[in-house]
Structures are given as structure tokens and as C-alpha cells.
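Here is the structure we will look at, set down as C-alpha cells.
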Amino acid sequence: MITAVDYAGHPADYDELRQVAGEAGAVLVADAAHSIGSAYKDRPVGSLADLTTFSFFPTKTVTTAEGGAVAAADPALLRRAARFRNHGLVREPAEQRHPGEGGWHQEVHEFGLNYRLPDVLCALGVSQLRRLERFRERRAELVERYHTMLSGVPGLTLPAQRAYVRPSWHLYPVRIGDGRRREVYERMRASGIGVQVNYVPAYWHPVFEDLGYRRGLCPVAEAYYAEELSLPLFPGLTDAQQEHVAETLTGILR
């Protein structure tokens, strides 16, 4: 299995990954937790990999308060995912191994979990989907404003965007140079600005340390983590609030 993460809402390079997955006989999975509504070479995220996972956590572009969804082009993969989210239960007699037990009969064909999203939260998600494009457009507008206001600030690297991608920006991740990331984080927070760092490399967490993973495994990712700082980005962010963020950051770095 090959998994690609659409970090900050910018789709990964799926054509290249598809070629590698095909050569390796691997399933290609897209982690689109950040990128609902985005497109790669005019194809929407959700149609680019064998399986695509979405997150509807409250901070995401579209929310159901909690939970997520899976999209798949292959009906067999989608059926398996649907079965896994319901304890692996098989209720359809045509698919059961012992269908003659009675109308109440259901079977577990493989291990699964309770990943069911309640209907009331699904209704919230459907209503949010109607607003997805508006949310995406406002986030894109805020990103362009950040680009303009922060261009040329010393010690600051702005996020890149490939020409053939239409991101659905979930984060605005900048890089703070010269070893000043922690200082900038603390001073921005002290000014009442909710910056964040996204994310600690997964294998730094104790659960992976206990399995033998050690720091230094992915030096490029670790170098990025040492500089990353996410600026506030959400549709309700006003122009004036964003200008305050940019002016405060610029003042600290200059």
C-alpha cells in the first residue's frame, strides 16, 4: 500500500504515485483529510486513488462535528470498507456462508470496528457540502492575501503551489528560518494570535519510539517540522484580523 497525504489541502502528485503503485502492485490510498474540494490536473480529489479518506473534524473545511468518509472507484473495495466500518458484519443472505439460519442471521467475515457515522451528523455534513465551494473560495482568497502581505519578509518561506493543482487550503503553513520558530510561536501566541505547529513527525510519538523508531529516520521531514508554523486560516477570518496577523508576524521577523 502507498499512502499520500494532501498536506495543507494541496494534492500530492498522483500520476507519479499511480505509476509507482502500478509497478509495485500496491493499492494507492489518498489521505484527503485536508483537501476536500481540491483538484489535481482538473480531476477532483476522491477520484485520484484507489481509496480516498476524508476527515470531517470541526476544524476541517467541511464538518460533521466528528468522523469522516471513504471514497473508492472499485465497488468491491467500497463494499469492504463499508463492511469494516460495521464490525465486519454481513447481513445480505446472498453474501453469507450459511444463509439458511433464519431471517435474523448475520455473519462476521472479517474483523472490523464501529466506524458508523450517525445519521444526524451525516445530515449536518450534507448541509455543509452545499457550502463547500463558498468555504473553499474564501480560504483561497485569504491565502492570496497572505501571499501578498508576507511576500519578501526576511526569514519567512511561504507555501508553494504547483501550477496544475487547485488546492482547497486547510492550513497556511509558513516556514520560519534561522531557528526562530519557537520564539515566533510564543510571541504570536502572547499577542493573542492562534498560530499552531502542524505536525510532529509521527514516529517521534512514544508509541512508535516503543516500537524502535528513532529520530533522524526522515531528515527532510524533520527539517520541515523544525521550521513549520501554521497561521490562522478559516472562512470567518476577517480581512482586518488577517492584516493584524500579517503585521504582527512581519514585525517580529523584522
Side-chain angles (χ1 to χ4, degrees), residues 1-57 60-62 67-90 92 95 97 108-117 159-171 173 198-225 228:
M1 183 174 71
I2 297 174
T3 301
V5 178
D6 295 342
Y7 178 69
H10 190 295
D13 276 316
Y14 284 101
D15 285 349
E16 289 82 352
L17 290 168
R18 172 65 68 189
Q19 181 177 349
V20 173
E23 293 171 355
V27 173
L28 179 59
V29 177
D31 179 346
H34 290 181
S35 61
I36 187 169
S38 63
Y40 168 81
K41 298 182 179 178
D42 297 323
R43 288 133 54 200
V45 164
S47 66
L48 303 168
D50 298 311
L51 283 168
T52 304
T53 61
F54 297 97
S55 169
F56 301 143
F57 189 71
K60 298 303 193 297
T61 303
V62 166
V70 175
D74 183 348
L77 274 177
L78 195 60
R79 283 195 300 271
R80 187 173 181 188
R83 185 176 297 170
F84 180 80
R85 63 105 191 227
N86 192 30
H87 302 292
L89 286 173
V90 176
E92 302 81 8
E95 298 181 12
R97 193 171 300 172
V108 175
H109 284 197
E110 55 188 326
F111 291 112
L113 294 169
N114 178 3
Y115 280 172
R116 297 187 299 270
L117 190 64
Q161 178 178 335
R162 293 184 173 90
Y164 47 83
V165 166
R166 188 194 72 171
S168 182
W169 292 102
H170 169 58
L171 303 174
N198 303 102
Y199 302 91
V200 176
Y203 59 92
W204 283 21
H205 289 290
V207 66
F208 290 105
E209 289 182 339
D210 293 346
L211 292 173
Y213 290 86
R214 294 291 177 262
R215 299 188 180 202
L217 178 65
C218 299
V220 175
E222 293 179 21
Y224 178 82
Y225 166 68
E228 197 278 338

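All heavy atoms count here, side chains included; hydrogens, waters and symmetry mates do not. In this chain, numbering begins with 1 at the start of the sequence shown.
Y199 has its ring centre no less than 6.0 Å from the ring centre of Y225.
Remark: side-chain polar atoms of H10 are paired, donor with acceptor, to backbone N or O of R162 under 3.5 angstrom. Under the 3.5 Å distance criterion, the side-chain polar atoms of E228 are matched with a main-chain donor or acceptor of N198. Using modelled atom types, one side-chain atom of S168 and one backbone atom of I36 make a donor-acceptor pair closer than 3.5 Å. Judged by distance alone, the side chain of R85 and the main-chain N or O of L113 form no donor-acceptor pair under 3.5 Å.
To the nearest 0.5 Å, atoms NE2 (H109) and CZ (R97) are separated by 5.5 Å. Atom NZ of K41 is separated from atom CG of D13 by 7.0 Å, given to the nearest 0.5 angstrom. Once rounded to the nearest 0.5 Å, the distance linking CZ of R43 with CG of L48 reads 5.5 Å. One distance of note links OG of S47 with OH of Y40; it measures 11.5 Å at 0.5 Å rounding. Atom CZ of F208 and atom CG of L217 lie 11.0 Å apart (nearest 0.5 Å).
Here the closest non-hydrogen pair linking V165 and P11 is CG1-CD, 3.2 Å. Residues P167 and S38 come closest through the heavy atom pair C-CB, 3.7 Å. Between G216 and E222, the shortest heavy-atom distance links the atoms N-OE2, 2.7 Å. Between D6 and A12, the closest heavy-atom pair is OD1-N, 3.0 Å. Scanning both residues, W169 and A160, for their nearest heavy atoms gives CH2-O, 3.8 Å. Of all non-hydrogen atoms in A4 and L17, the two that sit nearest each other are CB-CD1, 3.5 Å.
The side chain to side chain contact (heavy atoms under 4.5 Å, CB included) with F54 is formed by just one residue from the set T61, D31, V45; it is V45. V27 pairs with exactly one of D50, D74, T3 by the side chain to side chain contact (heavy atoms under 4.5 Å, CB included) rule, that one being D50.
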Requested in this report: Check step by step if side chain to side chain contact (heavy atoms under 4.5 Å, CB included) holds for E110 and F84.
Outcome: CA-CA 8 Å; E110 55 188 326; F84 180 80; over 6 Å; no
Requested in this report: Before giving the answer on salt bridge (charged side-chain N to carboxylate O under 4.0 Å, His left out), spell out for R83 and E95 the whole-Å C-alpha distance, their side-chain angles and the decisive distance to 0.1 Å.
Outcome: CA-CA 12 Å; R83 185 176 297 170; E95 298 181 12; 2.8 Å; yes
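Other residues, nucleotides and ligands contribute more than 12 heavy atoms inside 6.0 Å of the CG atom of N114. The number of heavy-atom neighbours closer than 6.0 Å to OH of Y115, taken from other residues, nucleotides and ligands shown, is 12 or below.
Using cut-offs of 30° and 60° for the angle between ring planes, the Y213 and Y203 rings count as tilted. Between H34 and Y7, the two ring planes are tilted [angle within 30° to 60°].
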